[in-house]
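Report on one structure; see the data block that follows.
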Amino acid sequence: MALRVIFWGTRGSIPVSLDCASLRDKLASAVVSASGEGLDTPEKARAWVDSKLDFAVSHTFGGNSACVQLDAGDGEFVVCDLGSGVRAFGSEIFTRDGPSKKNSFHVFLSHVHWDHIMGFPFFGPAYVAGNRIRIYGCHTEIEEALRRQQDPPSFPVPFDTFAASIEFVTLEPGRSYEVAGWTVTGRLQNHSGDSYGYRFVRDGKVIVYSTDSEHRLDIPDEVEGAATFFADADLVIFDAMYSLAEAVSVKEDWGHSSNIVAVELCQLAGAKHLVLFHHEPANNDERIAKIWHETLRYEEISRTGRALRVSAAYDGMEIEL
Ligand SMILES: [Zn+2]
Ligand SMILES: [Zn+2]
């Protein structure tokens, strides 16, 4: 069965929603574009939206903060990060299976910055007895951080209210582990308080989840380490929060990377598909689409070997490998 990657949360730092003015602008653009197209049924209109409308008009990027599911179709749930997107993931499981079906969840945490853990108190399956949740990470303070965000007076429901069994597993970076059918290896990344990327291998396919990492192309060891970690990946989910101009000027040392660094590292590593992830909350859809198109163009002009596919993540995006 094919492996699927499902993006439940793709925004960085803080969740954002599409505001009224932006929605109105999208509707106005769509109405103007649709004039004379004879879209007199919802089916025709939907097909036209999917095929003809600009992506930034028909979609919205980001929304919830980081949460990505890896699905091998075997009933095991593997998730990277517990940003606000995990609430939508939990709701989907309840809608599909009902709350009484018992499940196992394997969660890999990049780090415990708030945008990567804030969804956990809203993760429905954590309140259901019989569910098992194992939380893996290379930081030793994960349990403390998750408990603390639910302590009074910050949150009304304490961590101990969860009825599911919750276990914490500390991983050693650089060592490979077998978890739920995947071989997983963590790697230390340059970020305030440290973060860890994860390389997942299964059925000959490689998926790298690397968020909240400031890659420095001027440090050869760092470049080599990242390229080895990304080597021949089928999919690299990459923290491309900034444009290159931002990353090398005002936002240097802010702990995130740019779209250009993403392309260069993926090319060096021979990766096949790059997903721009952890979008800057100040960027609207037009701005993110512009960064995406610049990235596509940069990939084209800098290409020396095989083409690298480039996508910009949005909540609800699914990629099949
Ligand atoms: Zn983050
Ligand atoms: Zn962070």
Side-chain angles (χ1 to χ4, degrees), residues 5-17 60-70 79-89 107-123 135-146 148-149 154 170-171 173 186-199 207-216 222 226 229 236-243 246-247 250-259 261-262 265 274-284 287-288 291 311-315 317:
V5 179
I6 305 159
F7 293 80
W8 295 98
T10 58
R11 184 68 65 167
S13 302
I14 190 166
V16 295
S17 68
T60 184
F61 297 99
N64 279 310
S65 69
C67 180
V68 176
Q69 180 194 358
L70 311 187
V79 174
C80 295
D81 282 337
L82 296 168
S84 66
V86 82
R87 187 193 62 81
F89 167 57
V107 178
F108 291 84
L109 280 189
S110 59
H111 62 319
V112 292
H113 279 169
W114 196 31
D115 52 323
H116 297 258
I117 61 171
M118 59 171 31
F120 197 46
F122 301 91
F123 182 53
I135 300 175
Y136 306 80
C138 301
H139 291 85
T140 51
E141 64 274 66
I142 287 175
E143 179 170 2
E144 184 198 334
L146 289 183
R148 193 175 50 207
Q149 76 167 342
S154 301
T170 307
L171 306 177
R187 177 176 186 265
L188 176 65
Q189 303 180 132
N190 181 26
H191 192 66
S192 165
D194 294 341
S195 73
Y196 293 88
Y198 294 100
R199 181 181 168 96
I207 298 164
V208 175
Y209 179 75
S210 171
T211 192
D212 294 63
S213 176
E214 182 166 359
H215 292 278
R216 298 284 304 269
E222 152 65 16
F229 194 62
V236 176
I237 300 160
F238 190 95
D239 166 12
M241 195 167 179
Y242 306 139
S243 66
E246 290 168 329
V250 279
K251 293 176 179 174
E252 191 174 1
D253 295 329
W254 284 26
H256 299 280
S257 291
S258 78
N259 55 334
V261 172
L265 284 177
L274 160 68
V275 176
L276 308 175
F277 184 73
H278 202 274
H279 304 302
E280 159 68 50
N283 287 348
N284 63 14
R287 174 80 188 126
I288 295 171
I291 293 173
S311 305
Y314 59 90
D315 295 10
M317 182 168 88

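Counting starts at 1 for both ligands and their atoms, in listed order.
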Tyr198 ring center near Tyr209 ring center (under 6.0 Å): no

The Zn ion (ligand 2) reached by His116 (N, O or S, under 2.8 Å): no

Nearest non-hydrogen partners of Ala66 and Phe277, listed with the distance: CB-CZ, 3.8 Å

OG on Ser65 to CZ on Arg11, rounded to 0.5 Å: 10.5 Å

Atom name in His113, limited to N/O/S, at shortest distance from the Zn ion (ligand 2): ND1

Angle subtended at the Zn ion (ligand 1) by OD2 of Asp115 and NE2 of His278, nearest 10°: 100°

2.8 Å cut-off met by an N, O or S atom of Asp239 to the Zn ion (ligand 1): no

N, O or S atom of His111 closer to the Zn ion (ligand 1) than 2.8 Å: no

His191, N/O/S atom nearest the Zn ion (ligand 2): NE2

Met118/Ser84 under side chain to side chain contact (heavy atoms under 4.5 Å, CB included): CA gap, chis, key distance, verdict: CA-CA 6 Å; Met118 59 171 31; Ser84 66; 4.2 Å; yes

Among His111, His116, His113, the one residue meeting ring-ring contact (aromatic ring centres under 6.0 Å, His included) with His278: His116

N, O or S from Asp212 under 2.8 Å to the Zn ion (ligand 2): yes

Sub-6.0 Å ring centroid separation between Tyr314 and His279: no

